[in-house]
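Written out below as structure tokens is the structure these notes cover.
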Amino acid sequence: MSPKKYILEMFPYPSGNIHMGHVRNYVIGDVCARYHKLKGDDVIHPMGWDAFGLPAENAAIQYKTHPQDWTLSNIENMKKQLQKLNLDLDWDREIATCNENYYRYQQELFIDLFNAGLAYKKDALVNWDPVDQTVLANEQVIDGKGWRTGAKVEKKILSQWFFKITNYAEELLTDLDKLELWPEKVKTMQKNWIGKSTGAEIKFEISNNMGFLNIFTTRPDTIYGATFIAVSINHKIVSEFLNEKSIKKIKQEFDQVGDDKDKIGIKLNITCKHPLLDKNIPIYIANFVLDNYGEGAIFGCPGHDERDFEFAKKYSLPVIKVIECDDKDLPYAGDGKVINSPLLNGLKKDDAIKKIINHFNENGKGKEKINYKIRDWGVSRQRYWGCPIPVIYYEDGSYRVLDKSELPVLLPYDVSLESKGNALLNKDSWRETLCPKTKKIAFRETDTLDTFVDSSWYYIRFLDNKLEKPFDPKQVNKLLPVDKYIGGIEHAILHLLYSRFFMKALRDIYGLKVDEPFKQLFTQGMITHKTYKTSKNEWVMPKEVVIKNKQFSRLKTGEVIEEGPSEKMSKSKKNVVEPDEILDNYGIDATRIFMISDSPPERELEWTDEGIQSSKNLTNRIERYFSKKLNEADDEVEKKVEKFVFEIEKNILSFSLNKCVADIYTIFNYLEKRDIYLYDDKLSEKILTCLFPILPKLSSSLNKSLFKKNSFKNWPTINEDLLFESKIKLPIQIQGKLITVVETKKGYSEDEILKNIYKLDKIRNKIGNKEVTKIINVQNKIINIILN
RNA sequence: GCGCCAGUGGCGGAAUGGUAGACGCGCUGGUCUUAGGAACCAGUGGGCAACCGUGGGGGUUCGAGUCCCUCCUGGCGCACCA
């Protein structure tokens, strides 16, 4: 049986039109897929649509259409565009996440997750995007702003559904090491996001028997230097000592500080006992304490923490040095000998940490603690165009997650989208229902699932998109993981982390044997293009710009135009080129060549007119080559063709597709230089076969016209004897500097070649009357003569 | 601030520690033309030369673009993570 290869490109959001970024992404995948098919592998290469999401709702309002109609017609159009690209895709595996046939099985998975304790509901302080009127996951908040709207995110308490991704924090972290074929960069980003840190949780007793305060620290060795406690404004202790009005006032005060990192604090009227010393230390509410990390509370050790130091200076709190260092180095956060700490004096950091944790363990005042930055994944979205969450609520506020037999919960078509917010909430005829089990009046959950849930398992559904359950475990075990997953780096955390979590959760629920969904990840670079502006800072499309005497001006008006840097193609900067136009002008093969030729696929590619034109010239040249009158090849040609096959294969496998293009130029440069127009059917067929993954249209049509064949046979097997030249050019160095290059046979004898070398004038002159002390002979590679 | 990655001709980029600049673009000169978004030929790192050249400085090595240390510059990510 032939080995399977699952090659997948990230499926697109059906925004209406494909853009050059898609083209590059899908061409890279297509080259791989076509190569593996020629190799005889059982290739899975599906395509689908990430079809739920907010743009559909916005477009619906703007164009007075329906999200579903808008989405489906976009899919239709984009599918046509993709087909025009003639990609070798398994269209029979196609899925769209907004189809009932997809999301009803997602509802099953939700029930599975719930039953496994991995989906739960809680009141939570959430990120509220006031523009989109919906909750955002932590991952979707960037610099305190919504990832799509850029609006300042508000904090709100709402009852929300969560997936317990934190259960898998440790495994998600350690398994990164198994992902040898992922870019280090992505792994580092995920590692930072998971944010594991080891330390201790310490109990601080609040004075006057008013309870305890838990504090997480990575530096329990500095506990003797603690001179204050600081808690976040959202810490529960705050509401015990202050009324809502004053809390609100403090929040406003903190808000005013805003993005600059000034530290301010409000002293509470209570104190904490130091866990080791007979003294009380003050408690502050401080703006720099994060409420979503650790316990939302810290102990301040100004001697050995920069932030605490700054705070202590501002509020005249004592600074106690407990790690040996120069006073001028304070605050000193490094390692060192512990001082001024009765139990720990003289110890180094690690030993001190061990000892103090032991001590706390014994007296019950603390313990070792591993803390993760990652939070559970909030999946509720207050939106219409998403997968309904299969839950109903009763009048008493209790809820029930539906049985699988009660599915699907279909999204109603007939809704009003005019007003802001969630259309499902206003759709009473849908929302109100009768619970079939209890016969009681019930209300459907009106939140829908984050669309990142949709994309967390689509690669599994592709295995069988018609199955009447989410997937077949046997098939999953056989066909997953995805062998090559190709897409943009922008998904380094969100989509890729969620998918990894889903795979692990489903593995545990269904007893699957797959730990990771994507064996190899390849992140392709973006496409950039020069930008042009008028003096009024108006963006101008590149095709409107003409150059005369090194002056840029606008074609129609003659306005002076300034050329800007090459930036990521975007509609707002007007520096996009439309795939349809390019395909019409240059054809599929030239477009494919350009997508991979000018820079390595993982780096950015600058769009240039010269680039696409020279790609077209190459395809023309190949066509011309094969139209010439034939003549005979010789052994050397055979060797060069063999080398070509070998290089192309190596370069496809390592995603060095730019080098594949160089290989194509090299072989045709050689053949034309020697005026060899291949007579040998075998050799020209070999060349055409190797061209097929990259230039499918041209190579197929040549295959047909030259050999009357409709398809290619297998990828050529390489004859290694032909690969290595018997004659080689051997560089000769003296003292490590290149002097000359001699031609010799492979496997020469050292003595013999030296005899010949010493005869050369260049060498004799260099050696002069110096003594040769050593000869470095790296067989078939280089000879280095060392003189005294 | 922390972390990661990268600095090679005019430009994009090649080089398992072993001939730096493959291949392409651009440029220069030429050829051919029913004049093209051609095609073909020659050349193209610097320097008159010996030689010098992979961001700067040091090191390891017979030999460094490649490995180590250090600094500089640029990009990306994270960012008060206790």
Side-chain angles (χ1 to χ4, degrees), chain A residues 142-143 183-193 195-197 199-200 215-220 222 226 230 232 259-263 286-290 292-301 304-308 310-311 333 371-374 489-490 492-493 566 585-586 590 593-594 597-600 602-606 608-618 620-621 624 647 651 656 658-669 672-673 728-742 773-787:
Chain A
I142 297 146
D143 289 337
E184 277 312 309
K185 187 179 174 172
V186 175
K187 289 196 275 186
T188 309
M189 283 165 74
Q190 293 210 354
K191 204 178 245 171
N192 292 341
W193 186 262
K196 180 181 183 175
S197 41
I215 282 173
F216 173 74
T217 176
T218 54
R219 292 298 301 272
T222 65
S232 140
D259 286 340
D260 53 25
K261 293 182 175 175
D262 265 359
K263 291 180 179 47
N287 67 337
F288 69 96
V289 181
L290 302 170
N292 55 2
Y293 183 77
E295 301 290 332
I298 59 149
F299 74 73
C301 176
H304 306 285
D305 183 285
E306 226 169 281
R307 298 150 301 178
D308 299 347
E310 195 187 326
F311 191 80
N371 189 63
Y372 297 92
K373 202 172 89 178
I374 191 171
I489 188 124
E490 64 272 22
I493 297 175
S566 204
N585 281 336
Y586 298 95
I593 284 278
F594 185 52
S597 65
D598 271 19
S599 43
E602 70 275 15
R603 273 194 239 171
E604 58 184 44
L605 171 74
E606 185 178 0
T608 58
D609 292 342
E610 292 84 357
I612 182 70
Q613 182 54 48
S614 66
S615 300
K616 182 69 193 169
N617 293 346
L618 177 62
N620 286 341
R621 181 177 162 192
R624 215 181 307 125
E647 292 291 330
N651 288 327
S656 309
N658 55 322
K659 285 190 255 169
C660 286
V661 178
D663 296 333
I664 296 174
Y665 277 108
T666 306
I667 189 73
F668 285 103
N669 285 351
E672 288 178 347
K673 187 112 194 159
I728 53 166
K729 285 176 179 167
L730 189 68
I732 310 299
Q733 298 181 331
I734 292 178
Q735 311 288 62
K737 283 195 176 181
L738 180 77
I739 306 302
T740 187
V741 178
V742 297
T773 54
K774 200 175 173 187
I775 300 291
I776 311 275
N777 172 33
V778 184
Q779 191 69 27
N780 299 332
K781 280 273 176 177
I782 206 160
I783 286 184
N784 190 6
I785 300 166
I786 310 304
L787 304 177

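Each chain gets a letter, A, B and so on, in the order its sequence line appears, and its residues count up from 1. These numbers come from the heavy atoms of this one structure, side chains and all, not from hydrogens, waters or symmetry mates.
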Open item on the list: Any base atoms under 4.0 Å from A:N617, or only sugar-phosphate, or nothing? Heavy atoms, all strands.
Closed with: sugar-phosphate

Task: Nucleotide nearest A:Q613 (side chain, heavy atoms from C-beta), chosen from B:U19, B:G37, B:C40 - done: B:G37

Open item on the list: Which label fits A:F288 and A:F311: parallel for a plane angle under 30°, tilted from 30 to 60°, or perpendicular past 60°?
Closed with: tilted

Task: Nearest to side-chain heavy atoms of A:E610, which nucleotide of B:G26, B:G37, B:G13 - done: B:G26

Task: Presence of donor-acceptor pair under 3.5 Å, side chain of A:K263 and base of B:C80 - done: yes

Open item on the list: Whether A:K187 contacts B:G77 is assessed here as follows: a side-chain N or O lying under 4.0 Å from the phosphate OP1 or OP2. Is that the case?
Closed with: no

Open item on the list: B:G37, OP1 or OP2 - any side-chain N/O from A:N585 closer than 4.0 Å?
Closed with: no

Open item on the list: Classify A:N371 by what it touches in the nucleic acid, base, sugar-phosphate, or nothing, heavy-atom distance under 4.0 Å.
Closed with: nothing

Open item on the list: Less than 4.0 angstrom between a side-chain N/O of A:K673 and OP1 or OP2 of B:A42, yes or no?
Closed with: yes

- [ ] Could you tell me whether the side chain of A:N784 has a donor or acceptor atom within less than 3.5 Å of a complementary atom in the base of B:C62?
- [x] yes

Would you tabulate the side-chain donor-acceptor contacts of residues 730-742 of chain A under 3.5 Å, counting partners in other chains and residues two or more places apart, or write 'none'?
| from | atom 1 | to | atom 2 | distance (Å) |
| --- | --- | --- | --- | --- |
| A:Q735 | OE1 | A:L787 | N | 2.9 |

Open item on the list: Only Watson-Crick and G-U wobble pairs with both distances less than 3.5 Å should count. Give RNA chain B in dot-bracket notation, marking inter-strand partners with |.
Closed with: (((((((..(((.....[....)))((((((.......))))))((....))..(((((..]....))))))))))))....

Task: Short side-chain N/O contact from A:R621 to OP1 or OP2 of B:A39, under 4.0 Å - done: no

Open item on the list: Using the side chain to side chain donor-acceptor pair (under 3.5 Å) criterion, which residues pair with A:K616? Sequence neighbours excluded.
Closed with: none

TODO: Indicate, with a heavy-atom threshold strictly under 4.0 Å, whether A:L290 touches base, sugar-phosphate, or nothing.
DONE: base

Task: Presence of A:N669 side-chain N/O under 4.0 Å of B:G24 phosphate oxygens OP1/OP2 - done: yes

- [ ] Examine distances only and state if a side-chain atom of A:N651 and a backbone atom of A:E647 form a donor-acceptor pair shorter than 3.5 Å.
- [x] yes

